[in-house]
Amino acid sequence: MAKSQLRPGLTLISTPIGNAGDITLRALDALRDADAIACEDTRVARRLMDMHGVSLGGRPLLAYHDHNVASAMPRLLDLLRGGGRVVFLSDAGTPMVADPGFRLAQAVIGEGIALSATPGPCAAIMALTLSGLPSDRFTFIGFAPPKREARRGFLRGFAAIPTTLILYESPKRLAASLADMAEIFGPRDAAVARELTKMFEEVRRAPLDALAATYAQEGAPKGEVVVVIGPPPPAEPATEADLDAALTDALATMTVKDAAKAVSTELGMPRREVYERALALRQR
Ligand code: SAM
C-alpha cells in the first residue's frame, strides 16, 4: 500500500455539497489514514465514510461544533500535541466557510501545530463560477441576519463595496431578502444558484429587482441557495463643476496642499491636476 501522505497535525477536509462523487481522492486518503476524525455531526461523517467504503476501525470519531468547543477542543488539542494526525470535516463543503472550525484552526496555529487541508467543494465558489458575474474581486458575506431591520442594516454595510458579493440565504427568506437587496443595491445584475451539484441544479441570472419579483411570485424554492450580486456600476467621472465645488468646500478650512490631497482621494482624480486647480481657485 502507498505510504500515507497525511502528516501529523490537523487537516481540514472539504466534503461534497450535494453530489457524493465530489469527494476528492486526497480527502478519502486522509479519512482512511487519520488517527482520529473530528466532525460537525458524527452521523453525517459516518454516512459519508460508509458511502465511500472507509471504515472507522477503532479510531475515535469526535463531534466538534459551535456548541461543544469548550469540551471538544482540549481533547483534540491533546491528540494533536501527542503527534496525532487528526482530520476535521463539516457536514458539507469547506470547513469554516459559514461552518465550524475557525477556533480550532486558530488554536492549532497558536500552538505551532501543522495545519493543512484537502480542498474541494464550496457552494460560494461554485455559485460565483456559474453566476457569469465578475470574479476578479469578490466578497463573501456569509448569511444575512434573518430579521428584516437587521438584514437591511447588514446589507447597507456592503452596498459601496466595489466587488461582486456572495451570500448564503435560506430559501424561505429568499424573496424578502432579494427585495431588500434590490432596494438597497439598486438593479445590479445578480444570480441565484440553487441545488448545486444535485439533480435539480439551477442558476437564475437577472437584475436583483427581477429576481425579487420572480421569487415573490413563485414562493420559496426547494433546496439550498446562494445569492451572487455583481459589483456596483463604476462611479461617473467627476466633472469640472464637481471638482470646483469640492475644492471650494475644502479650501474653506484647509491649505491648498491638504485640500488637493483630500479632494483627489474623494473624486479619484490625479493629485497634480487637483492641486493646480486648487491654486487657481485660491488666487481668484
Ligand atoms: N461550508 C459550506 C460551503 O463550503 O459551501 C457551507 C455551509 S452553510 C452552513 C450552508 C449554506 O451553504 C446553505 O444554506 C446554502 O446557502 C449554501 N449551500 C450549501 N450547499 C449548497 C448547494 N448544494 N446548493 C446551493 N447552496 C448550497
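Remember, it's 1-based here, ligands and their atoms both numbered in the order they're listed. Because the structure is predicted, anything quoted here is derived from the model rather than measured. What you see below is based on every heavy atom in this structure, not just the backbone, and it leaves out hydrogens, waters and symmetry mates.
By the side chain to side chain donor-acceptor pair (under 3.5 Å) test, Arg137 pairs with no residue at all, sequence neighbours left out.
Counting heavy atoms from C-beta outward, Lys261 and Arg271 have side chains that approach closer than 4.5 Å.
For residues 151-166, the side-chain hydrogen bond (donor to acceptor under 3.5 Å, both in side chains) pairs, not counting sequence neighbours, are Thr139-Thr163, Arg151-Asp180, Arg152-Asp180, Arg152-Glu183.
Annotation for Lys257: atom NZ does not count as buried by contact number, only 12 or fewer foreign heavy atoms lying within 6.0 Å.
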Put together the list of close N/O pairs, under 3.5 Å, between ligand 1 and the protein, could you?
from	atom 1	to	atom 2	distance (Å)
ligand 1	1 (N)	Ala92	O	3.2
ligand 1	1 (N)	Thr94	O	3.0
ligand 1	1 (N)	Val97	O	2.8
ligand 1	1 (N)	Asp99	OD2	2.8
ligand 1	4 (O)	Thr94	N	2.8
ligand 1	5 (O)	Ala123	N	2.8
ligand 1	5 (O)	Tyr168	OH	2.7
ligand 1	16 (O)	Val225	O	2.6
ligand 1	20 (N)	Glu224	OE1	3.2
ligand 1	23 (N)	Ile17	O	2.8
ligand 1	23 (N)	Leu196	N	3.4
ligand 1	23 (N)	Leu196	O	2.9
ligand 1	24 (N)	Leu196	N	2.9

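For the residue pair Asp242 and Thr239, a side-chain donor N or O sits within less than 3.5 Å of a side-chain acceptor on the partner.
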Residues 92-105, side-chain donor-acceptor partners within the protein, below 3.5 Å, at least two apart:
from	atom 1	to	atom 2	distance (Å)
Thr94	OG1	Ser14	OG	3.0
Thr94	OG1	Pro121	O	2.8
Asp99	OD2	Ser90	OG	3.0

